[in-house]
Participant: 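First the structure, then my questions, so here it is.
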Protein chains: 2
Amino acid sequence: MARIDEVAAAAGVSISTVSYALSGKRPISPDTRRRVVDAAHRLGYAPNAGARMLAGRVTHIFALTEPLRRETHAPTHMSFVLAAAVAARRHDYDILLLTDQQASEGMHRVTASGLVDAILVLDVAPDDERVAIARAITTPTVFIGIPDDHEGIDCVDLDFEAAARLAVDRVADAGHRRIALIGQPESTYRLSNFPPRVRRAVADRADERGLAHTFATTGEVVTEADAVRTAVGDALDAGASALLLHGVDDMHAAVLDAVTERGIRVGSDISIVSIAASFDTTKLPIQLDTIPLIPEASCDLAVDLALARIDDPHRPTGIHLLAPVYRDAGSVTAPPSV
Amino acid sequence: MARIDEVAAAAGVSISTVSYALSGKRPISPDTRRRVVDAAHRLGYAPNAGARMLAGRVTHIFALTEPLRRETHAPTHMSFVLAAAVAARRHDYDILLLTDQQASEGMHRVTASGLVDAILVLDVAPDDERVAIARAITTPTVFIGIPDDHEGIDCVDLDFEAAARLAVDRVADAGHRRIALIGQPESTYRLSNFPPRVRRAVADRADERGLAHTFATTGEVVTEADAVRTAVGDALDAGASALLLHGVDDMHAAVLDAVTERGIRVGSDISIVSIAASFDTTKLPIQLDTIPLIPEASCDLAVDLALARIDDPHRPTGIHLLAPVYRDAGSVTAPPSV
DNA sequence: TTGAAAGCGGTACCAG
DNA sequence: CTGGTACCGCTTTCAA
């Protein structure tokens, strides 16, 4: 807990010089600069957080609201939290946790007390209550995920439509003429924002490319292995030679099970692409081509957006989409010549 | 972002009166007190975090170090984070996240900058590197979990030995004479601190109670379904009428599978108790008697300890064990009369 | 029971 | 290129 005046004394300069030498906010001669840095290092100096928050108007803290609800996929969620923390630290920011029960109370509180410079919103729901709060407070807020009503707020997410098109193009280019999209449970298409968009984007692109296409959901509310089996069976019976997957890890596993059971080999008898998977697909028993939803990418961009808005509170808000990336794992090949 | 002077003006009192009226640190007439509270509420006043940290010497922030590594059981981990956040909020504290890569750097940084009042350590390993750091810094640090070398540090955890004894007593009281402990994978008994203790406590208590007992591990490094099946089979062949389980969710599920396959009914043909499960056992296909490891209990106690140490930095450190609680779900009954 | 004012440890402006 | 110093907003003595 060394203080700035101790560093100043040790370096034989004034405290303002120490401040400037360390922040780099005004030119300092290389010599003094070194003396200051040395002294600071030697004393283990770090500016007092409270003093910095008071004097500067910057806290160097982001709040992270995360619902932590039961239905949240824990591993995925953890990756996002970790990615957010890493991205924040790269800019000398720390992460303050706001859990669900405090979503509203917490966002208001950190704003009123000036505890944080910006708020990052995780695990965004289509009708997320935090949208209203974000509009009501002055603290810059960035959503990682896109709610239905996103007027006037900053959002970051994967470009799902582009991802869907990329997947269709890939199998079309490989020569497939009949494809099937294996999707999420029924209810998801009513409750969530993106599954319907992916579905439509796939259908539209398939039409453009002249591909025959089918679509199937995989359960009612949660993924059901039986429903997946049926969906895969129907797709194959309809003559599909390529499957596009959009869903959780369980669904992927069930698809691979169903395919394997039939003695069909992925990457030769059938081609598969996973769209927007947010889990670690390399843990699946068979490696799949993937257009992943990458937590690091989303969080990096979110942090950049937050910093930009802190810098200029009046810059226009908007949705920022991440370009999809295709990860080839050999699960797409030319269709078997019939 | 109303300030204290605005509240003072609105209430017609001095700044210091506002401070005292809100903190309750000195007697204020009921009348002025109400006026102040009203004004503060009306203006949405919250003390500026930076100013409070500077002037008082209290940040109202706890750091939470969490490794977030791959082998961590994500759902369990999330429960602990949530429990810590809730416990902290009850005392007007927020949680600042320190992820793995920053474990050392972060703990030093928050200490040097006075960003937090105390540090909570999650997901403690037997040879945890954070022990050394905790000793080197002045910030009060509480471990949720007990490392091998815990000299001079504060730790909180379930009393595993007591839990083991409780489990043995329960089945012994129910009339069982031969029991089996189904444990963790081999490597865990070398790498981790508590599995061996549970094993020994079960064995000792069983001896005291005159019970025949066996023990089996369930894999090499990770839980293997086959190993579980074998372990269960051996136990039954040896005539065990009660099983004690100490392991992860997968192991529990595998045990229930193995038992069910044999047409044996839990709670009548065989009795089962789960010891120190940190996951949600109610999600298992069959409800089991449990002596759970409760995140809320651990975190509440950890926060209390942290506050106590902030209050008195010189109080003696030590291990604080939580008394085990038996949750009856009907899976223990008298052994079938042969 | 209340008020005035001295810091807390930085930042950044104003000088030089 | 460097130094002096007026705040930042609150807590907490010291006085009344």
Side-chain angles (χ1 to χ4, degrees), chain A residues 1-37 39-40 43-61 92 109-117 310-311, chain B residues 1-37 39-40 43-61 92 109-117 310-311:
Chain A
M1 299 274 280
R3 286 160 315 178
I4 195 170
D5 57 330
E6 305 183 43
V7 177
V13 297
S14 69
I15 59 172
S16 54
T17 298
V18 173
S19 179
Y20 286 120
L22 261 26
S23 72
K25 291 190 182 174
R26 87 177 178 190
I28 296 285
S29 78
D31 180 50
T32 23
R33 184 193 174 72
R34 264 201 8 85
R35 298 218 316 281
V36 170
V37 172
L43 296 172
Y45 170 75
N48 178 279
R52 187 152 71 146
M53 288 165 71
L54 228 204
R57 285 130 56 232
V58 179
T59 69
H60 285 269
I61 300 176
D92 196 25
R109 184 166 46 81
V110 297
T111 297
S113 64
L115 221 195
V116 307
D117 294 336
I310 290 170
D311 196 53
Chain B
M1 298 274 279
R3 286 160 314 176
I4 195 170
D5 57 331
E6 307 183 43
V7 177
V13 297
S14 72
I15 293 182
S16 52
T17 298
V18 173
S19 180
Y20 285 120
L22 261 27
S23 71
K25 290 189 181 174
R26 89 174 175 191
I28 296 285
S29 76
D31 180 50
T32 27
R33 183 193 175 73
R34 266 203 4 88
R35 300 218 315 282
V36 170
V37 172
L43 296 173
Y45 169 76
N48 177 278
R52 187 152 71 147
M53 290 164 71
L54 229 205
R57 285 129 60 234
V58 179
T59 69
H60 284 266
I61 300 176
D92 197 25
R109 183 166 47 80
V110 297
T111 296
S113 64
L115 221 194
V116 308
D117 294 336
I310 290 169
D311 195 53

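Since we're looking at a predicted model, the values are computed, not measured. So you know, we letter chains A, B, ... as the sequences are listed, proteins then strands, and number each from 1.
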Participant: Assign a letter to each nucleotide of nucleotides 11-16 of chain D from its 5' end: B, base within under 4.0 Å of a protein heavy atom; S, sugar-phosphate only; -, no contact.
Facilitator: BBBB--
Participant: Report for the helix from C:dT1-D:dA16 to C:dG16-D:dC1: angle between first-end and last-end helix axes, five pairs each, rounded to 10 degrees.
Facilitator: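 Taking five pairs per end, the axes differ by 40°.
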Participant: Can you measure A:Met53 atom CE to D:dC10 atom P for me and round it to whole angstrom units?
Facilitator: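 The answer, rounded to whole Å, is 12 Å.
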Participant: Donor-acceptor pairs are to be reported for all side-chain atoms of residues 18-27 of chain A against protein atoms at under 3.5 Å, with residues two or more places apart or in another chain.
Facilitator:
{"from": "A:Ser23", "atom 1": "OG", "to": "A:Ser19", "atom 2": "O", "distance (Å)": "3.1"}
{"from": "A:Ser23", "atom 1": "OG", "to": "A:Lys25", "atom 2": "N", "distance (Å)": "3.2"}

Participant: Of all residues at least two apart in sequence or in a different chain, which pass the salt bridge (Lys or Arg N to Asp or Glu O under 4.0 Å) check with A:Arg3?
Facilitator: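 For A:Arg3, the residues satisfying salt bridge (Lys or Arg N to Asp or Glu O under 4.0 Å) (neighbours in sequence not counted) are A:Asp5, A:Glu6.
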Participant: What pairs with A:Ala46 under side chain to side chain contact (heavy atoms under 4.5 Å, CB included), at least two apart in sequence or on another chain?
Facilitator: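 Expected list: B:Ala112, B:Ser113.
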Participant: Under the rule for side-chain hydrogen bond (donor to acceptor under 3.5 Å, both in side chains), what residues qualify as partners of A:Asp92, not counting sequence neighbours?
Facilitator: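 Result, side-chain hydrogen bond (donor to acceptor under 3.5 Å, both in side chains) vs A:Asp92: none returned.
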Participant: Nucleotide range of DNA chain C contacted by chain B, 5' to 3', under 4.0 Å to a heavy atom?
Facilitator: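 Under 4.0 Å from chain B, the extent on DNA chain C is C:dT1 to C:dG9.
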Participant: Between B:Leu54 and B:Arg33, which residue's closest nucleotide on DNA chain C lies nearer the 5′ terminus?
Facilitator: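 The residue mapped nearer the 5' terminus is B:Arg33.
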Participant: Could you tell me which residues satisfy side-chain hydrogen bond (donor to acceptor under 3.5 Å, both in side chains) with B:Thr32, sequence neighbours excluded, listed by chain and number?
Facilitator: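 Listed in chain order: B:Ser29.
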Participant: Rounding to a whole Å, what distance do you find between B:Glu6:CD and D:dC10:P?
Facilitator: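 One finds 9 Å between P of D:dC10 and CD of B:Glu6, rounded.
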Participant: B:Arg57: which residues meet the salt bridge (Lys or Arg N to Asp or Glu O under 4.0 Å) condition with it, sequence neighbours left out?
Facilitator: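 By the salt bridge (Lys or Arg N to Asp or Glu O under 4.0 Å) rule, B:Arg57 matches no residue at all.
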Participant: Can you list the residues that meet the side-chain hydrogen bond (donor to acceptor under 3.5 Å, both in side chains) rule with A:Thr111, with sequence neighbours excluded?
Facilitator: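 Residues passing side-chain hydrogen bond (donor to acceptor under 3.5 Å, both in side chains) with A:Thr111: A:Thr139.
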Participant: B:Asp311: what forms a salt bridge (Lys or Arg N to Asp or Glu O under 4.0 Å) with it, not counting sequence neighbours?
Facilitator: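 In terms of salt bridge (Lys or Arg N to Asp or Glu O under 4.0 Å), with neighbours along the sequence ignored, B:Asp311 is linked to no residue.
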Participant: Which pair of heavy atoms, one from A:Val36 and one from A:Val13, lies closest together, and at what distance?
Facilitator: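 Heavy atoms only, the tightest pair is CG2-CG2, 3.9 Å.
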Participant: Provide the closest heavy-atom pair for A:Leu54 versus B:Asn48 in the form atom of the first, atom of the second, distance.
Facilitator: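 Residues A:Leu54 and B:Asn48, closest heavy atoms: CD2-OD1, 4.4 Å.
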Participant: Could you tell me which residues satisfy salt bridge (Lys or Arg N to Asp or Glu O under 4.0 Å) with A:Arg33, sequence neighbours excluded, listed by chain and number?
Facilitator: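 With sequence neighbours excluded, A:Arg33 shows a salt bridge (Lys or Arg N to Asp or Glu O under 4.0 Å) to no residue whatsoever.
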Participant: Could you tell me the separation between the CG atom of A:Asp5 and the C1' atom of D:dG4, rounded to a whole number of Å?
Facilitator: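 Rounding to the nearest Å, CG of A:Asp5 and C1' of D:dG4 are 15 Å apart.
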Participant: If you look at every strand shown and take non-hydrogen atoms under 4.0 Å, does A:Ala2 touch a base, only sugar-phosphate, or nothing?
Facilitator: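 Contact class for A:Ala2: sugar-phosphate only.
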